[in-house]
**Q** 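Submitted below is the structure of interest, expressed as structure tokens.
Note that the structure is predicted; figures quoted are calculated from it, not measured. Both backbone and side-chain heavy atoms feed into the values below; hydrogens, waters and symmetry mates do not.
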Amino acid sequence: MDNLKVAEILEEIADMLDIKGEKYKPRAYRRAALSVRSLSEDIKKIKERGELKEIPGVGKAIEGKIEEILESGSSKYLDDLKQEIPVDVDSLLSVEGVGPKTIKTLHEKLKVKNIDDLEEAAKNNKIRDLGGFGKKSEQKILENIDFARKSKGRFILGYIEPIVKNLKNKLENFQYVEKVEIAGSFRRRKETIGDIDILVVTKRPTEVMDFFTTLDDVDGIIVKGDSKSTVRLKEGLDCDIRVIDNKSFGSALLYFTGSKQTNIEMRKISIKKGLKLSEYGLFKGEMQIAGETEEEVFQKLGMKYIEPELRENRGEIEVSLEGKLPKLIGYNDIKGDLQMHTKWSDGVNTVEQMAKAGKDLGYEYIAITDHTGSLRIAGGLNEKEIKRQMKEIDKVNQKINGITILKGVEVNIQSDGKLDVSNKLLEELDIVVASIHTGFRQTKEKMTGRIISAMENENVNIIAHPTGRKIKERKAYELDFDKILKKSKETNTFLEINSYPIRLDLNDINTKRAIESGCKLAINTDAHSTNHLRYMELGIATARRGWAGKKNMINTLPLKKLRKILEK
DNA sequence: GCCGTTTTCGGCCCGACTGTTTTCAGTCG
């Protein structure tokens, strides 16, 4: 699948055009990139059908560029732009607070081309002397460089998910492959992935390796052998494939799934029992006593089976030995999605389309929660528009059977903690989701205060993406999380696990904290198109990584019970 | 560069926030 590659090139073009000071072209490229990224189908197939222009935001010019990328792997237009402005735009933009104008100035005045140059300029206090910059901006750049560097080289789980599944599918369908499993952090459902580990069972390793290393997803071969090969995929991440004996498949899966620390702990337990655990199996002396399945290994070690999402050495080993692991929420336990957007604000589909898509997923209910007033960029609805939308929802509810559409909003918590919709109107809605979209740089006390005051509003049911972090983009804002948890319980205001690939907010660790303090949560997708509804799986994975069960969530409840719990 | 139940050409969701400013520019969403 080349979807991601196409999207990334289009985005890079947008960045370059931004720096050149173009006004509307970047927006056009970015819109097209966004559409391509959220496609669930291989873009090549769309091209073969001649339907590229059906993709929202793709017109004649961008269609041509997509075709060029699919045929040649690159875009001459982008290459020319890069020659014109020889700057590592992607990495510089990843530093928060640095945008196109700053890059342009720093390049022209200080010859800054990459993060290293930027760091040097900041450390030598050269930036503060430029017009429009001061001590504070220089300091902030330095602080944010560190964060940008750390998140480099890892890939967002939700974005590479379709690619990995597609790879697995191709292998499964290859005649000589008997078994195939993806291991590594992908299997643990970590929010970012460094590389992909694939295990296969086959009697014909040479043929399998030949097949795998010549797939069109492969950009280049790093090593190739009969038992292990490594390739670089077109998306830029490395992928290992290993041929495993069936009798060792379970122990190999255990070993290559990790985490490293979990493996070390389990080997210690084996030693204590006079056994030896390796990727080849569990051994008593020379004799293999387990290894074909993971379950068998756990059992022989006197442990309860630990789900991959829990294997982070965060106490799961001890609990497993005691036989007291929690029953995790299942991937089919969600009864409805409580945050999504439509054409009314910044989504791309209609209320009816979202409802039908929700119904196709087997949901009992969904909530439509478009942005409100003050968030103009996202097409925030004013009170008149909200009322009109409520009428539309009534109509769609009458038209479609088998799913209930709840009327909601994602109301904006402003910098003073007030909401930008009147209480009178909020009262009329079935559900109110509140969240922060502006003013992230206030003090910990102020940020906490804003969320607390939203929670104290008796109409607010859910705090969406509570910490505001964006993976690889932005740290969470400072919060007194204990205070928030306490208030959540006290006011029956539920925290969200936002399933959007770059959000996953609450994250696994905060989820665990929340449920340990007895808070209930909601897992929502924040979908901006019907395609995004599939992200629910990522939110559930995050919940599982946070040790959460079905009972810890509100949207595992049937509609009647949900309505009751939303009464506050 | 895209797009059209106010347009096939002329618009293109723009407000909050911060840090640098004496009235605004840049970034972010």
**Q** Starting at atom NE2 of A/His528, determine the distance to atom P of B/dC13, rounded to an integer number of angstrom.
**A** 15 Å
**Q** How far, in whole Å, is B/dT8 from B/dC2 if one measures between their C1' atoms?
**A**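 Their C1' atoms lie roughly 12 Å apart.
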**Q** Could you tell me how far apart A/Lys343 (NZ) and B/dC13 (P) are, to the nearest whole angstrom?
**A** 15 Å
**Q** Just compare B/dC2, B/dG19, B/dC28 and give me whichever is closest to any side-chain atom of A/Glu96.
**A**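 The answer is B/dC28.
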**Q** Determine the Euclidean distance between corresponding C1' atoms of B/dC13 and B/dC3; express it in Å to zero decimal places.
**A**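 The answer is 15 Å between these two C1' atoms.
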**Q** Establish, for the pair A/Lys65 and A/Tyr77, whether the NZ or CZ atom is under 6.0 angstrom from the six-membered ring centre and no further than 45 degrees off its axis.
**A** yes
**Q** Judged by each residue's nearest nucleotide on DNA chain B, which is more toward the 5′ side, A/Ser345 or A/Ala61?
**A**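 Nearest nucleotide further toward 5': that of A/Ala61.
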**Q** Is the glycosidic angle of B/dT7 within 90° of 0, making it syn, or outside that range, making it anti?
**A** syn
**Q** Which value, in whole Å, describes the distance between the C1' atoms of nucleotides B/dT5 and B/dC17?
**A**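 37 Å, rounded to whole Å.
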**Q** Output the single nucleotide from B/dC17, B/dG1, B/dT18 whose closest atom is nearest the side chain of A/Arg441.
**A** B/dT18
**Q** For the backbone of A/Leu566 and the side chain of A/Asn461, can you confirm whether one donor and one acceptor N or O come within less than 3.5 Å of each other?
**A** yes
**Q** Output the single nucleotide from B/dC12, B/dC2, B/dG26 whose closest atom is nearest the side chain of A/Lys101.
**A** B/dG26
**Q** Using whole Å, report how far NZ of A/Lys470 lies from C1' of B/dT27.
**A** 13 Å
**Q** Using the C1' atoms only, state how far B/dG11 lies from B/dA16, rounded to an integer number of Å.
**A** 25 Å
**Q** Does a salt bridge link A/Arg30 with A/Asp15, judged by any charged N lying under 4.0 Å from a carboxylate O?
**A**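 Yes, this pair counts.
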**Q** Between NE2 of A/His532 and CG of A/Asp337, what distance do you get to the nearest 0.5 Å?
**A**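 Taking NE2 in A/His532 and CG in A/Asp337, the distance rounds to 12.5 Å.
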**Q** Tell me whether A/Asp394 is salt-bridged to A/Lys407, with the criterion being a basic N under 4.0 Å from an acidic carboxylate O.
**A** yes
**Q** What distance, rounded to whole Å, do you find between the two P atoms, one in B/dT6 and one in B/dC12?
**A**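 After rounding to an integer number of Å, I get 15 Å for this pair.
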**Q** Any base atoms under 4.0 Å from A/Lys135, or only sugar-phosphate, or nothing? Heavy atoms, all strands.
**A** sugar-phosphate
**Q** Would you say that A/Ile502 contacts A/Tyr159 through its side chain, given a criterion of any heavy-atom pair below 4.5 Å between the two side chains?
**A**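 Of all side-chain heavy-atom pairs linking A/Tyr159 with A/Ile502, at least one is under 4.5 Å.
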**Q** Between A/Arg149 and A/Phe147, is NZ or CZ placed under 6.0 angstrom from the six-membered ring centre and within 45° of the ring axis?
**A**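 Geometry flag: not set, cation outside 6.0 Å or 45°.
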**Q** Paired with B/dG19 by Watson-Crick or G-U wobble geometry, both distances under 3.5 Å: which nucleotide is it?
**A** B/dC24
**Q** Taking NZ, NE, NH1 and NH2 as the nitrogens, is one of them in A/Asp88 or A/Lys113 under 4.0 Å from a carboxylate oxygen of the other?
**A**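 So A/Asp88 does not pair with A/Lys113 through a salt bridge.
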**Q** Looking at A/Glu22 and A/Lys20, is any side-chain nitrogen of the basic one under 4.0 Å from a carboxylate oxygen of the acidic one?
**A**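 No.
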**Q** Give the nucleotide from the list B/dG1, B/dG19, B/dC17 with an atom nearest to the side chain of A/Lys136.
**A**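 Nucleotide nearest to A/Lys136's side chain: B/dG19.
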**Q** A/Thr102 side chain: which of B/dC13, B/dT27, B/dG1 is closest?
**A**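 Nearest nucleotide to the side chain: B/dT27.
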**Q** Which is more 5' along DNA chain B, the nucleotide nearest A/Tyr77 or the one nearest A/Lys140? Just name the residue.
**A** A/Tyr77
**Q** Indicate whether OP1 or OP2 belonging to B/dG1 is found under 4.0 Å from a side-chain N or O atom of A/Lys65.
**A** yes
**Q** Answer yes when A/Lys44 and A/Glu48 have at least one side-chain N-carboxylate O distance shorter than 4.0 Å, and no when they do not.
**A** no
**Q** Would you tell me if any nitrogen or oxygen in the side chain of A/Ser137 comes within less than 4.0 Å of OP1 or OP2 on B/dT20?
**A**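 True: A/Ser137 side-chain N/O within range (under 4.0 Å) of B/dT20 OP1/OP2.
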**Q** Out of B/dC3, B/dG1, B/dT27, which has the shortest distance to the side chain of A/Arg31?
**A**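 From the listed options, B/dC3 comes nearest.
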**Q** So, does A/Ser415 get its side chain near the phosphate of B/dC17, meaning an N or O under 4.0 Å from OP1 or OP2?
**A**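 Yes, because at least one side-chain N or O of A/Ser415 sits under 4.0 Å from OP1 or OP2 of B/dC17.
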**Q** Roughly how many Å is it from CD in A/Gln414 to P in B/dT18, rounded to a whole number?
**A** 14 Å
**Q** In whole angstroms, how far is the C1' atom of B/dA16 from the CG atom of A/Asp420?
**A** 12 Å
**Q** Go through residues 11-26 of chain A and report each residue with a non-hydrogen atom lying under 4.0 Å from DNA chain B, sorted by number.
**A** A/Tyr24, A/Lys25
**Q** Rounding to the closest angstrom, what is the interatomic distance between B/dG15 and B/dT21 at atom P?
**A** 26 Å
**Q** Using the P atom in both, what is the distance from B/dT23 to B/dC14, to the nearest Å?
**A**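 Nearest-Å result for B/dT23 against B/dC14 at atom P: 26 Å.
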**Q** Report the nucleotide, chosen from B/dT18, B/dA16, B/dC2, that has the shortest atom-to-atom distance to any side-chain atom of A/Gln442.
**A** B/dT18
**Q** May I ask you to say what A/Lys104 touches in the nucleic acid, namely base, sugar-phosphate or nothing, with a heavy-atom cut-off under 4.0 Å?
**A** nothing
**Q** What is the distance, rounded to the nearest whole Å, between atom CD1 of A/Ile127 and atom C1' of B/dG26?
**A**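 In whole Å, B/dG26 C1' and A/Ile127 CD1 are 15 Å from each other.
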**Q** Would you measure the distance from the P atom in B/dT20 across to the matching atom in B/dG26 and give it in whole Å?
**A**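 Going atom to atom, P in each nucleotide, I get 14 Å.
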**Q** To the nearest Å, give me how far apart CD1 (A/Ile141) and C1' (B/dT27) are.
**A** 12 Å
**Q** In whole Å, what is the span from the NE2 atom of A/His371 to the C1' atom of B/dG15?
**A**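 So the NE2-C1' distance, A/His371 to B/dG15, works out to 14 Å.
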**Q** Among the nucleotides B/dC2, B/dT27, B/dC17, which one has an atom lying closest to any side-chain atom of A/Ile62?
**A** B/dC2
